[in-house]
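All values derive from a computational prediction rather than experimental measurement. In the text below, chain A, chain B and the rest are named by the order of the sequence lines, each starting its count at 1.
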Amino acid sequence: MSTPVRVRFAPSPTGQLHVGGARTAIYNWALARRTGGVFILRIDDTDPERSTDENVSAILRGLRWLGLDWDEGPEVGGAFGPYFQTQRSDTYVDGLATMRAGGHAYPCFCTSEELETKRDAARLKGGFAGYDGTCRSLDPETVAVRLAAGEPHVWRLAVPEGRTEVVFDDAIRGHLSFPADALDDFVLVRTDGTPTYNFATVVDDALMEITHIIRGDDHLSNTPRQILVFEALGHVVPVFAHLPMIWGPDGKRLSKRHGAASVEAYRDEGFLPEAVLNYLALLGWSLDGETTIISAQMLCDSFSLDRVSSNPAILDTDKLEWMNGAYIRELDAEGFVAHMIPWLVDAGLTTVEQTEAQRAWLLQLAPLVSERIKRLDEIVPMVRFLFMDTIEIDPAVREKALTSENARAALAGARELLSQIPDFEAASIEAALRAVPEIADVKAKVVFLAVRVAATGTTVSPPLWESLELLGREKALRRLDAALAGGVDDPATHP
RNA sequence: GGCCCGUUCGUCUAGCGGUUUGGACACCGCCCUCUCAAGGCGGAGAUCACGGGUUCGAAUCCCGUACGGGCUACCA
């Protein structure tokens with residue numbers, strides 16, 4: 001019987017949930033779900049300068065949007081709370097007491113200025129530039145006096161004497177070894193009494209009984225330091241798994257410049273959460289090297305750390321969009337309409353509440369659109385023509401498609417036949433338009449292009465027959481008339 | 001400077017001593033077709049960063065170099 005997995009995602013609310021953090025969360029969540037373990041969300045807000053409540057809510061929203069749920073943490077509680085580090089001050093006081101009792105921490109009275117000059121000097125000479133241990137060798141009486149006098153001080157970790165190296169087995173990168181002499185007595189508690197990240201995170205991970213720490217690569221060098229704290233606390237060292245970074249398309253740090261950097265920005269650009277989850281999950285992890293579409297359920301059934309890649313990945317927006325398109329196409333009409341309505345409402349094309357007829361009409365429209373978009377934000381430009389009273393036609397397009405004699409003959413013929421068909425449904429419309437070339441003596445291509453431009457305003461649109469049907473006979477004929485009237489001055493060709 | 005990590009088609013990856021290095025996106029061509037998509041078929045694209053080893057045999061193991069990245073804060 002092995003101990004149940006307890007993993008955590010511990011973001012600092014210094015910004016929104018970005019894709020790198022989202023992927024870390026996904027992997028933690030997936031491992032918990034896979035193993036029947038517990039997924040914990042903890043807010044590491046020890047940096048008062050940059051942490052905000054808005055960022056906290058944005059992160060929670062982003063996680064929920066992706067479909068992640070946590071078993072312990074903000075909004076859900078849990079036996080190991082509170083789950084905000086700013087609410088756990090006592091915990092760190094206790095943690096420091098434990099460290100002191102074991103002789104693993106000591107006060108340091110060096111000022112920032114002193115440290116800075118020493119550090120600069122050390123780096124100039126080359127080699128190790130960490131804390132030189134000045135205050136470590138202070139005799140106990142002196143320390144007691146200075147402490148009693150209330151002299152400002154921080155608390156530092158006392159790296160064990162004689163420790164030569166810190167080794168651990170990373171679940172992703174394998175056996176790792178760090179020489180201990182490159183580890184300095186880093187600060188655990190600041191002058192103001194607040195804990196530093198490297199201390200707070202270990203105290204909490206220990207207390208929350210975290211078994212696996214899955215986090216970004218940027219923490220790899222912190223790990224030996226943190227292991228020393230786990231040991232000093234007398235706690236078993238969890239398994240570590242360090243994820244490689246995610247880079248922007250130019251190989252640089254991911255930022256707004258590359259389009260969306262935050263998960264919610266992807267939502268706003270019309271990405272489906274399932275697609276973003278799928279894409280991110282596969283950015284650094286693979287099921288078998290073949291599978292590209294994988295559901296959340298499959299992820300939870302098959303995720304394992306040993307299939308996580310150890311090399312950094314570049315975010316490929318093209319592939320994400322392709323994947324999003326694949327998910328959109330999988331939606332049935334009902335599902336797509338549900339996604340479509342908010343975008344239509346935002347554009348002022350329809351209302352939140354639909355009549356029975358409007359709903360039926362949207363259900364008919366859905367498959368025409370869902371098959372040809374990669375993102376939801378393409379919906380409005382594609383269907384706007386159906387909602388407008390009149391449409392604008394680009395002069396160049398008009399010139400190309402509507403003004404030639406052939407085009408006018410085609411439009412006239414189409415108008416004639418379309419006004420005669422008994423019903424105004426796609427099949428009849430198609431039959432009518434296919435008959436136009438012969439009676440008007442023009443090429444089929446000319447007919448279809450002219451009617452398309454006249455009815456939709458563009459050369460590219462959803463399928464013509466269906467578009468005309470959705471437009472309705474009255475509106476469709478009006479547009480053909482408008483095209484005929486707007487083309488040339490001579491109205492002789494009017495029916 | 002020191003310590004650490006990484007390097008397979010443009011991109012994401014499969015590979016874990018013996019395969020013609022497989023798949024996906026993007027790209028190109030053909031088919032389908034009322035435009036655009038979608039779909040189908042096919043193509044091009046990787047001297048597995050480089051140089052040494054180990055081995056009968058290396059993309060796979062070891063060492064070095066180059067390049068990229070991280071840490072080296074009283075940030076996280």
Touch class at under 4.0 angstrom, heavy-atom based, for T46(A) against every strand present: sugar-phosphate

Test item: side-chain donor near acceptor, T291(A) and D288(A), under 3.5 Å: yes

Let me have the donor-acceptor pairs involving side chains of residues 14-25 of chain A, under 3.5 Å, with sequence neighbours excluded, atom names and distances please.
residue, atom, partner, partner atom, Å
Q16(A), OE1, S262(A), OG, 3.0
H18(A), ND1, G20(A), N, 3.3
R23(A), NH1, L283(A), O, 2.6
R23(A), NH2, P244(A), O, 2.4
T24(A), OG1, G20(A), O, 3.1

Strand contacts (RNA chain B) in residues 164-178 of chain A, 4.0 angstrom heavy-atom criterion: R173(A), L176(A), S177(A), F178(A)

Pair T201(A)-R42(A), side-chain donor/acceptor within less than 3.5 Å: yes

Gap in Å between the two C1' atoms, one belonging to C30(B) and one to G53(B), rounded: 50 Å

Pairs under 3.5 Å (N/O, protein and nucleotides 39-49 of chain B):
residue, atom, partner, partner atom, Å
G39(B), OP1, R329(A), NH1, 3.3

Residue V154(A), side-chain atoms from C-beta onward, closest of A76(B), C74(B), A37(B): C74(B)

P spacing across the pair C71(B) / G52(B), given as an integer number of angstrom: 35 Å

Touch class at under 4.0 angstrom, heavy-atom based, for P462(A) against every strand present: base

Nearest to side-chain heavy atoms of R452(A), which nucleotide of A26(B), C34(B), A76(B): C34(B)

Aromatic plane relationship, W285(A) with F303(A) - under 30° parallel, 30 to 60° tilted, over 60° perpendicular: tilted

Point-to-point distance, once rounded to the nearest 0.5 Å, from CZ of R415(A) to CG of L480(A): 7.5 Å

Between R452(A) and S461(A), a side-chain donor and acceptor under 3.5 Å: yes

Under-4.0 Å side-chain N/O to phosphate OP1/OP2 contact, R307(A) with G15(B): yes

Are there any protein N/O atoms within less than 3.5 Å of an N/O atom in nucleotides 7-11 of chain B, and if so, which ones and at what distance?
residue, atom, partner, partner atom, Å
U8(B), OP2, N311(A), ND2, 3.4

Closest nucleotide among C3(B), A76(B), G22(B) to the E290(A) side chain: G22(B)

N or O in side chain of S286(A) less than 4.0 angstrom from A14(B) OP1/OP2: yes

No-H, no-angle donor-acceptor pair, T191(A) side chain to C74(B) base, under 3.5 Å: yes

Touch class at under 4.0 angstrom, heavy-atom based, for D181(A) against every strand present: nothing

D120(A) CG - A73(B) C1' separation (whole Å): 13 Å

Test item: side-chain donor near acceptor, T194(A) and D192(A), under 3.5 Å: yes

Whole-angstrom distance between U21(B) and A59(B), as gauged at atom C1': 8 Å

Sugar-phosphate, base or nothing in reach of T459(A), heavy atoms under 4.0 Å: base

C1'-based separation of G1(B) from A44(B) [nearest Å]: 47 Å

C1' spacing across the pair A38(B) / G6(B), given as an integer number of angstrom: 39 Å

Distance-only donor-acceptor check, side chains H242(A) and D217(A), under 3.5 Å: no

Candidate nucleotides A76(B), C34(B), C74(B), ranked by approach to the side chain of S112(A) - the nearest: C74(B)

Atom of V7(A), atom of N28(A) and distance for their closest heavy-atom approach: CG2-O, 3.2 Å

C12(B) versus A46(B) - spacing of their C1' atoms, nearest Å: 14 Å

Salt bridge (Lys or Arg N to Asp or Glu O under 4.0 Å) between D181(A) and R163(A), intermediate numbers included: CA-CA 8 Å; D181(A) 57 15; R163(A) 183 69 182 253; over 6 Å; no

Check: L243(A) main-chain N/O paired with R215(A) side-chain donor or acceptor under 3.5 Å: no

Pairing nucleotide - A38(B), Watson-Crick or G-U, each distance under 3.5 Å: none

Exam field: side chain S57(A) to backbone D53(A), donor-acceptor pair closer than 3.5 Å: yes

Closest nucleotide among A76(B), U13(B), C36(B) to the R50(A) side chain: A76(B)

From CD (E330(A)) to CD1 (I328(A)), nearest 0.5 Å: 11.0 Å

RNA chain B: 5'-proximal contact among Y131(A) and S461(A) (nearest heavy atom): S461(A)

Sugar-phosphate, base or nothing in reach of E330(A), heavy atoms under 4.0 Å: nothing

H153(A)-Y106(A) side chain donor-acceptor pair, cut-off 3.5 Å: no

From CA spacing to verdict: side-chain contact (heavy atoms from CB on, under 4.5 Å), L220(A), F240(A): CA-CA 9 Å; L220(A) 189 55; F240(A) 287 93; over 6 Å; no

Between T134(A) and D132(A): side-chain donor-acceptor atoms closer than 3.5 Å: yes

Sugar-phosphate only, base, or nothing, as touched by L283(A) at under 4.0 Å among non-hydrogen atoms: sugar-phosphate

Grab the N/O contacts between the protein and nucleotides 59-63 of chain B below 3.5 Å, and write none if there aren't any.
none

Pair Y197(A), D44(A): side-chain N/O donor-acceptor within cut-off below 3.5 Å: no

Sugar-phosphate only, base, or nothing, as touched by G325(A) at under 4.0 Å among non-hydrogen atoms: nothing

Separation of I393(A) CD1 from T458(A) OG1 (nearest 0.5 Å): 9.5 Å

Pairing partner (Watson-Crick or G-U wobble, both distances under 3.5 angstrom) of G1(B): U72(B)

Distance between C1' atoms of C41(B) and C32(B) (Å, rounded): 11 Å

R156(A) NZ/CZ over F186(A) ring centroid, <6.0 Å and within 45° of normal: no

Nucleotides 70-72 of chain B: which of its N/O atoms have a protein N/O under 3.5 Å away?
residue, atom, partner, partner atom, Å
G70(B), OP1, R253(A), NH1, 3.0
G70(B), O2', D218(A), O, 3.2
G70(B), N2, S221(A), OG, 3.0
C71(B), O2', R225(A), NH2, 3.2

Between P of C36(B) and CZ of F448(A), the distance in whole Å: 13 Å

Gap in Å between the two C1' atoms, one belonging to G15(B) and one to G22(B), rounded: 8 Å

